[in-house]
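Note that the structure is predicted; figures quoted are calculated from it, not measured.
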Amino acid sequence: MTPEALTWWDAAPAMGVAALLLLAPGLLLSLVGGIRGVLAIGLAPLLSVGVVSVAAVGAAVAGLSFSWGVVAGCTASVVMLVWGVRRVVAVTGGSPTPAAGEGRALLLGLVGVLVGGGALAVGVARGIGAVTRWPQTFDAVFHLNAVRHVLTSGDGSALTLGTVASPERSVAFYPAGWHDVTALVASASGVGVPAAANAVSVVVAGLVWPLGCVALTRVAMGARPGVLASAGVLSAGVAASPVLLLSYGTLWPNALATALLPAALALTADLIGLGPDRAVPRWTGALLLLGGVAGLGLAHPNAVVSLLVVGSAAVVVGTWERSWRWRVGSLGSAAMVTWLVLWSPVFSATRASSWPMRETLAQAAGEWAALSPQRLPVPLLVAGLALIGCIVAWRSRSLHWLLALHVCAGALFVVVAGSDGTLSRLVSGAWWDDAFRLAALAGLAGVPLAAVGLDSLAGWLAVWLPGGRGARLVPVAVLGVIGVVVVGSGGLYVRDTASLVARWYAPDAMVDPEQAAFVADLGQWVPAGEGVVGNPWDGAALTGPLAGRDAVFPHLSGAWGADRDLVASSLNEAAERPRVCAALRRLDASYVLVGPATFWVGDPRRERYAGLDVAGHAGFQRVAGVDGMSLWRADVCRSDVVGRVGLEHTTGTS
């Protein structure tokens, strides 16, 4: 089946594989670790990403090729470790007793996930359009090539993934969790890299995020079926989380990490005892948290910083009245996190990044209150419920920590989005001063608070229902309010979700559909094993993920090394400079793709590749082309051709 003929129905197996990969290892670990109920499945994606990404690093260290077998072996090893720890510490207290109603909470929580996650999945798929479509953005070029690198090299380690843009180095860190998951999905399902990326996006939005929201709500509110069902449904109501990052940038790894954050916070909060009951055994839970944080960091490090910052606020507020030891400990931890973010050398380079403010502090604060940061569509009903939830949390001491999460994340966004001052520069280093990355935190506590608000509103309505006796009719009222939200939001804002995703997927900024199809067909002319040279800004960087022919420049910028730099600046002068041909031969490339100069045409980094415009230069033969794009063969550098035809330029096609 050609890529153009692939439909979303054809991609269903890829989405099924992604769901299996993101659920099975982690769920097994949860159950072996003594976690039960909705929290067991809610934590599964976090733990699964930890297993996959750590397995990739371990495989590289051991000299093994990253594969499903490696993931299975790593899962088995960690399961045995968790089982052993649980057996050793069983004598000190065993597992927490399941809360009353845990079974119903699990059932209704999953129903909520099905409804809310289904709306998210449909919206994301509609926004993407064709399952093989890829967003023509700066970051997407790297991510697609990085997935192909994992597939072709068998190396999925985060310690080396950065070599995609720094091929002369042997070690270059880049968070690999998303790329590892996507590569495994592509290898098992047989779909191409862009289709695999899109399948993973649908699963991240439609499964990982709703499960995390339900898990965090479970820790905050206990095993209350109606609240958990509400959290699952309302997870579709905040477009910023995690849909924004699935399109903007395109920041796929950051989107995955953001979707995992609620589960990481849920596990942390449960271990500290911030909720009404404990659902996680202490020792095995701590071990699983370490693995989950490792997975979070290998998905994207700034998610760990987000966890530390908002988590510190929650711990300080949630444990303040326990004892002076808790106060000192929580304040000390918060002070260390503050130093890490504001002054540590870890973020010294990224603190220099500067995106100009787009609004005032007051505007940014208003957007956060309306759960619509960065001028996204306002989810009126969900935002209203979240405001009610904030009032309830303010009046309920046991929920102060959840409110602190929301306020702290909001403060970060407001400072970065609404100012360019010194404080903004200091605070924003971990997020590259990019307000979009912080906007994606809007639903982190916003969704659980909206579920709290819905539950409170339903309880008030139940009192006024005809013949009602308060609590007896609360479930009916909950279902009624959920129904109003679903209908009143146009099916849980599916249209807004689709529109947001399409904002960065739809434009043909780099190549149009005809040119993209031409790139995908390069295998007709370029032999297997041959690399393709070309200006990466003009589509040549996509020959790997689209056509299966390695791009000499697989990203728009990079630390390329002497040979690549020489070819980039001087290939069209190869007839007069033999050194250029020597470099090209060392790169195993003899074909040049010349594309349209339509993407970020004013960016000065384009000039680095000025020598790759070979059209009209001696020694290059045109092989094929479409309007605005052509493939050339570097006959000038082929010894079997040079002796026969010399350096005469031809323009015929073959």
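For the atom pair CG of L546 and CH2 of W134, the computed distance is 6.0 Å after rounding to the nearest 0.5 Å. Taking CG from L296 and CG from L46, the interatomic distance works out to 6.5 Å, rounded to the nearest 0.5 Å.
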Side chains of residues 161-174: which donor-acceptor pairs under 3.5 Å do they make with residues two or more places apart or in other chains?
| from | atom 1 | to | atom 2 | distance (Å) |
| --- | --- | --- | --- | --- |
| T163 | OG1 | T160 | O | 2.6 |
| R169 | NE | V171 | O | 3.3 |
| R169 | NH2 | V171 | O | 3.2 |

Tell me which donor-acceptor pairs under 3.5 Å the side chains of residues 20-31 have, and how far apart each pair is, sequence neighbours excluded?
| from | atom 1 | to | atom 2 | distance (Å) |
| --- | --- | --- | --- | --- |
| S30 | OG | G26 | O | 3.2 |
| S30 | OG | A40 | O | 3.1 |

Report all side-chain donor-acceptor pairs from residues 253-261 shorter than 3.5 Å, counting only partners two or more places apart or in another chain.
| from | atom 1 | to | atom 2 | distance (Å) |
| --- | --- | --- | --- | --- |
| N254 | OD1 | N302 | ND2 | 3.1 |
| N254 | OD1 | R437 | NH1 | 2.9 |
| N254 | ND2 | N302 | OD1 | 3.1 |
| T258 | OG1 | N254 | O | 2.8 |

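Partners of F553 under the ring-ring contact (aromatic ring centres under 6.0 Å, His included) rule, at least two apart in sequence or in another chain, are W560, Y609.
In this structure a side-chain-to-backbone donor-acceptor pair under 3.5 Å is missing from T284 to V82. Panel note: side chain T250, backbone S247; a donor-acceptor pair is recorded below 3.5 Å. Listed for the R133 side chain is a donor-acceptor partner under 3.5 Å among the backbone atoms of Y505. No donor-acceptor distance shorter than 3.5 angstrom exists from the side chain of T182 to the backbone of H179, with no hydrogens or angles considered. Proximity of a side-chain donor or acceptor of S330 to a complementary backbone N or O of V316 within less than 3.5 Å is not detected. With hydrogens and angles ignored, the 3.5 Å screen pairs a side-chain donor or acceptor of R278 with a backbone N or O of L271.
Across every non-hydrogen atom of A176 and S157, the tightest pair is CB-C, 4.2 Å. The minimum heavy-atom distance between A197 and L144, with the atom names listed, is CB-CD2, 4.2 Å. In terms of heavy atoms, V305 sits closest to A430 at CG1-CB, 3.7 Å. Of all heavy-atom pairs between L184 and W68, the closest is O-NE1, 3.1 Å. Taking each heavy atom of V141 and A541 in turn, the nearest pair found is CG1-CB, 3.5 Å.
Side-chain polar atoms of N198 and S201 form no donor-acceptor pair below 3.5 angstrom. Side chains of W431 and S306: a donor on one and an acceptor on the other come within 3.5 Å.
Applying the ring-ring contact (aromatic ring centres under 6.0 Å, His included) rule to pairs touching residues 242-281 yields W178-W252, Y248-F436, Y248-W504, sequence neighbours excluded. Listed by first and then second residue, the ring-ring contact (aromatic ring centres under 6.0 Å, His included) pairs that reach into residues 24-62 come to none, sequence neighbours excluded.
Residues L107 and P225 fail the side-chain proximity criterion, which asks for heavy atoms closer than 4.5 Å. Put simply, the side chain of L298 does not reach to within 4.5 Å of the side chain of P175, judged on heavy atoms. Proximity of W209 to V238: side-chain heavy atoms (C-beta onward) are nowhere separated by under 4.5 Å.
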